Undergrad: 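I have a structure here, written as structure tokens, and I will follow up with some questions on it.
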Amino acid sequence: MIRLLIPFLLAAASALSAKAPADEFPARRAALRQSLDSGVLLLKGQPPAYDQIFRFQQTPDFYYLTGWTDPGAVLLLTPSDEILFLPSHQERAEKYSGKHTSAEDADAHAVTGFEKVLPIEKLEAQLDLALGSHSRLYAPWAEAYAGQLRARYPFREVADATPLITKLRVKKSGAEIAAIQHSTDVSIQAHRAAWKLLAAGQYEYNVGAMFLSTFLDRGCEGPAYSPIVGSGPNGTILHYMSNQRRMDRGELVVMDAAAQCDSYASDITRTAPVGGKFTPRQLELYQIVLGAQKAAIAAVKPGIWLAGPGETLTKIARDYIDAHGKDLHGEPLGKYFTHDIGHQVGLEVHDPQPYGPLEAGMVITIEPGVYIADEQLGIRIEDVVLVTPNGAKVLSAALPKEPDEIEKAVASK
């Protein structure tokens, strides 16, 4: 079936709204209910925060299954039923955060998309009732409430719900692909704008500010992660985020930044020279990293692994780097590629990583790099890639990465 669907999804993704259609959330819950095997699943959304000073962010698994973005909700699933529990209205709290939907509201069913919406106070009774006819309880083991459930139900098996949800999340629907593509398109615009600031005397935070400004200006929630703008020696630090250094002409700048739009993330990295011209050594190393990325993308297909033993995408990229260059001591460069080739992307920039090979419908990053502290040179090139039945579709292909294209884009002001 997936072989028939993926070509359609690719064609339709650009035409779809970035927001998931309302009927997609109940379809996800129905798929999850089929895997419960006479069990009951309890999933809590993000609780409300006292005197909240940052924008509320729903937990990804809860959003994936419900589409609900208000705090304090709980989901109860059985193989044949589903209930959304909502907090009651609290006048004082709503003066600060605005009015939230509650179970007693006349439009609660229409707004939430659930046939059964109950006050949070009825959760315990409904859970006890569900467990009266089901033998197993599912909850995310990483959450504190899983331990609380074990204490409340000592003679019940509390199984981990996370693998069941992850299995659904790793394959993206057409609407999800469209949302990731939208975040990617906005990220591409931000990179192009940021490149115009790569001049001697500018600071890394000037470039970072351009990323953030573009994300917000295009109507996105903001960054999918803190932008990385590492110039000169800072480019050798994989997750450098302070962005405080003054840039000098002739240095390389590693820019790892992407937007989160309509709850979905992207993840893009480009490396460019301050002033618009690679030195011969920078160009040599850049072309090696680019060649490694092309080799890895060419190998993307269902059945291959991102990393691990055997012939993986990480090994393909590292072998390419090892075979195509030397450090200043004459040693192969593979040891300077210090991380795996990529990760899953979706509701989170690092979406849950299942143990297993790639499958059609997954969205991943391909991001080889070399980080040579002795030369104060860091280079990373990262693209967002959709795994198709026959290979790969690069969702971020519109952002230049050939060295002459990079030079031209940076030099033009």
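The structure displayed is predicted, hence computed values, not measured ones. We number each residue from 1, following the sequence as shown.
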Undergrad: Restricting to pairs with a member in residues 138-151, which pass side-chain hydrogen bond (donor to acceptor under 3.5 Å, both in side chains), not counting sequence neighbours?
TA: Arg136-Tyr138

Undergrad: Hey, what do you get for CD (Gln244) to OH (Tyr203), rounding to the nearest 0.5 Å?
TA: 9.5 Å

Undergrad: In terms of relative ring orientation, are Trp195 and His191 parallel, tilted or perpendicular, with 30° and 60° separating the classes?
TA: perpendicular

Undergrad: Under a plain distance cut-off of 3.5 Å, with no hydrogens placed, do Glu367 and Thr269 share a side-chain donor-acceptor pair?
TA: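 No, no side-chain donor-acceptor contact under 3.5 Å.
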
Undergrad: Regarding Tyr225 and His239, do their side chains bring together a donor and an acceptor under 3.5 Å, going by distance alone?
TA: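 No, no side-chain donor-acceptor contact under 3.5 Å.
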
Undergrad: Can you list the steps and then say if Lys167 with Glu359 is a salt bridge (charged side-chain N to carboxylate O under 4.0 Å, His left out)?
TA: CA-CA 11 Å; Lys167 186 176 180 180; Glu359 300 179 50; over 6 Å; no

Undergrad: Determine whether the side chains of Gln189 and Asp185 contain a donor N or O and an acceptor N or O closer than 3.5 Å.
TA: no

Undergrad: Would you sort out whether Thr66 and Leu43 count as a side-chain contact (heavy atoms from CB on, under 4.5 Å), showing the intermediate values?
TA: CA-CA 10 Å; Thr66 66; Leu43 187 66; over 6 Å; no

Undergrad: Between Glu24 and Glu176, is the side-chain contact (heavy atoms from CB on, under 4.5 Å) condition met? List the steps.
TA: CA-CA 10 Å; Glu24 186 153 318; Glu176 290 182 291; 4.0 Å; yes

Undergrad: Looking at Arg169 and Gly346, would you say the former's side chain and the latter's main chain have a donor-acceptor pair under 3.5 Å?
TA: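 Side chain of Arg169 to backbone of Gly346: no pair is present.
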
Undergrad: Mark yes when over 12 heavy atoms from residues, nucleotides or ligands other than Lys408 sit less than 6.0 Å from its NZ; otherwise mark no.
TA: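 Check fails, neighbour count at 12 or below.
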
Undergrad: Does any N or O in the side chain of Ser183 come within less than 3.5 Å of the main-chain N or O of Tyr264, such that one atom is a donor and the other an acceptor?
TA: yes

Undergrad: May I ask you to check whether over 12 heavy atoms, not counting those of Glu115, lie within 6.0 Å of atom CD?
TA: no

Undergrad: Evaluate the side-chain proximity of Val229 to Asn206: yes if any heavy-atom separation is below 4.5 Å, no if none is.
TA: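 The answer is no, as the side chains (C-beta and beyond) never meet within the 4.5 Å cut-off.
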
Undergrad: Does Glu402 come within less than 4.0 Å of Lys294, counting only side-chain N to carboxylate O?
TA: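 Salt bridge present between Glu402 and Lys294.
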
Undergrad: Are any of the side-chain heavy atoms of Pro273 and Leu198 separated by less than 4.5 Å?
TA: no

Undergrad: Might you point out which heavy atoms bring Ala108 and Thr112 nearest each other, and give the distance in Å?
TA: O-OG1, 2.7 Å

Undergrad: Whether the Asp160 and Thr162 side chains hold a donor-acceptor pair (N or O, under 3.5 Å, no angle test) is what I'd like checked.
TA: yes

Undergrad: Over 60° means perpendicular and under 30° means parallel, so classify the ring planes of His350 and His343, tilted if in between.
TA: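 Judged by the thresholds at 30° and 60°, the geometry between His343 and His350 is perpendicular.
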
Undergrad: If every non-hydrogen atom of Met247 is compared with every non-hydrogen atom of Val274, which pair is closest and at what distance?
TA: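 Distance-wise, the nearest heavy atoms are CB-CG2, 4.1 Å.
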
Undergrad: Taking the side chain as every heavy atom from C-beta outward, state whether Ile364 and Ile341 have any pair of such atoms under 4.5 Å apart.
TA: no

Undergrad: Are Val370 and Ile321 close enough that some pair of their side-chain heavy atoms sits under 4.5 Å apart?
TA: yes

Undergrad: Return the NZ to OG1 distance between Lys393 and Thr388, rounded to the nearest 0.5 Å.
TA: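 Those atoms lie 9.5 Å apart.
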
Undergrad: Does the side chain of Met210 reach to within under 4.5 Å of the side chain of Met255, using non-hydrogen atoms?
TA: no

Undergrad: Identify the heavy atoms of Pro87 and Ala73 that sit nearest to each other, and give their distance.
TA: CD-N, 4.3 Å

Undergrad: Taking it one step at a time, do Glu375 and Tyr336 satisfy side-chain contact (heavy atoms from CB on, under 4.5 Å)?
TA: CA-CA 12 Å; Glu375 300 186 54; Tyr336 299 101; over 6 Å; no

Undergrad: In chain order, what residues pass the side chain to side chain donor-acceptor pair (under 3.5 Å) check against Glu407, with sequence neighbours excluded?
TA: none

Undergrad: Please determine whether a side-chain nitrogen of the Lys or Arg among Glu405 and Arg270 lies less than 4.0 Å from a carboxylate oxygen of the Asp or Glu.
TA: no

Undergrad: Checking Gln181 side chain against Leu395 main chain: does a donor-acceptor pair fall under 3.5 Å?
TA: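 Here the side-chain-to-backbone pair exists.
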
Undergrad: Give a yes or no on whether the backbone of Gly72 and the side-chain of Gln46 come within a donor-acceptor separation of less than 3.5 Å.
TA: no

Undergrad: Val254 versus Tyr371: any side-chain heavy-atom pair under 4.5 Å?
TA: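 With C-beta onward as the side chain, the pair stays apart.
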
Undergrad: Stepwise, does the side-chain contact (heavy atoms from CB on, under 4.5 Å) test hold for Phe114 with Glu82?
TA: CA-CA 8 Å; Phe114 280 78; Glu82 55 186 37; 4.2 Å; yes

Undergrad: Atom CZ of Arg380 and atom CD1 of Ile268: how far apart are they, to the nearest 0.5 Å?
TA: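 The CD1 atom of Ile268 is 13.0 Å from CZ of Arg380, to the nearest 0.5 Å.
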
Undergrad: Is it true that, when you exclude Arg249 itself, more than 12 heavy atoms of the residues, nucleotides or ligands shown sit nearer than 6.0 Å to its CZ?
TA: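 Result for CZ/Arg249: open.
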
Undergrad: Measure from the side-chain N and O atoms of Glu204 to the backbone N and O of Ser231, and report whether any donor-acceptor pair falls under 3.5 Å.
TA: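 Confirmed, Glu204 side chain pairs with Ser231 backbone.
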
Undergrad: Within the 3.5 Å criterion, strictly below it, is a donor on Gln90 or His100 matched to an acceptor on the partner's side chain?
TA: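 The answer is no; no qualifying pair exists.
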
Undergrad: Say you draw a straight line from CD1 of Ile180 to CG of Leu347; how long is it, rounded to the nearest 0.5 Å?
TA: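 Ile180 CD1 to Leu347 CG: 8.0 Å, rounded to 0.5 Å.
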
Undergrad: Taking the side chain as every heavy atom from C-beta outward, state whether Pro354 and Met362 have any pair of such atoms under 4.5 Å apart.
TA: yes

Undergrad: Could you check whether any side-chain N or O of Gln58 sits under 3.5 Å from a backbone N or O of Asp70, counting only pairs where one atom can act as donor and the other as acceptor?
TA: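 Flag set: sc Gln58 to bb Asp70 pair under 3.5 Å.
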
Undergrad: Mark yes or no for whether Tyr240, through its side chain, and Asn243, through its backbone, hold a donor-acceptor pair below 3.5 Å.
TA: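 Yes, Tyr240 side chain to Asn243 backbone: donor-acceptor pair under 3.5 Å.
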
Undergrad: If only side-chain N and O atoms count, and only distance matters, is there a donor-acceptor pair under 3.5 Å linking Tyr153 with Asp128?
TA: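 Yes, Tyr153 and Asp128 have a side-chain donor paired with an acceptor closer than 3.5 Å.
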
Undergrad: If you measure from the Lys or Arg side-chain nitrogens to the Asp or Glu carboxylate oxygens, is any gap between Lys172 and Asp351 under 4.0 Å?
TA: yes

Undergrad: Rounded to the nearest 0.5 Å, how far apart are CZ of Arg29 and CG of Asp81?
TA: 11.0 Å

Undergrad: Please give me the minimum heavy-atom distance between Val384 and Ser396, naming the atom from each residue.
TA: N-OG, 3.0 Å

Undergrad: Between Tyr286 and Leu377, is there a side-chain heavy-atom distance shorter than 4.5 Å?
TA: no

Undergrad: Taking all heavy atoms of Ala398 and all of Ile188, pick out the closest pair and write down the distance.
TA: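 Between these two residues, the closest heavy atoms are CB-CD1, 4.0 Å.
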
Undergrad: Check whether any side-chain N or O of Lys116 sits under 3.5 Å from a backbone N or O of His109 as a donor-acceptor pair, and report yes or no.
TA: no

Undergrad: Where does the angle between the aromatic ring planes of Phe337 and His339 fall among parallel (under 30°), tilted (30 to 60°) and perpendicular (over 60°)?
TA: perpendicular

Undergrad: Might you point out which heavy atoms bring Glu104 and Ser102 nearest each other, and give the distance in Å?
TA: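 Here Glu104 and Ser102 meet closest at OE1-OG, 2.7 Å.
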
Undergrad: With a 3.5 Å distance limit and no angle check, can you tell me whether Gln202 reaches the backbone of Ala199 through a side-chain donor-acceptor pair?
TA: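 It does not hold such a pair.
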
Undergrad: How many angstroms lie between atom CD1 of Ile366 and atom CG of Leu306, to the nearest 0.5 angstrom?
TA: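 Between atom CD1 of Ile366 and atom CG of Leu306 there are 6.0 Å.
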
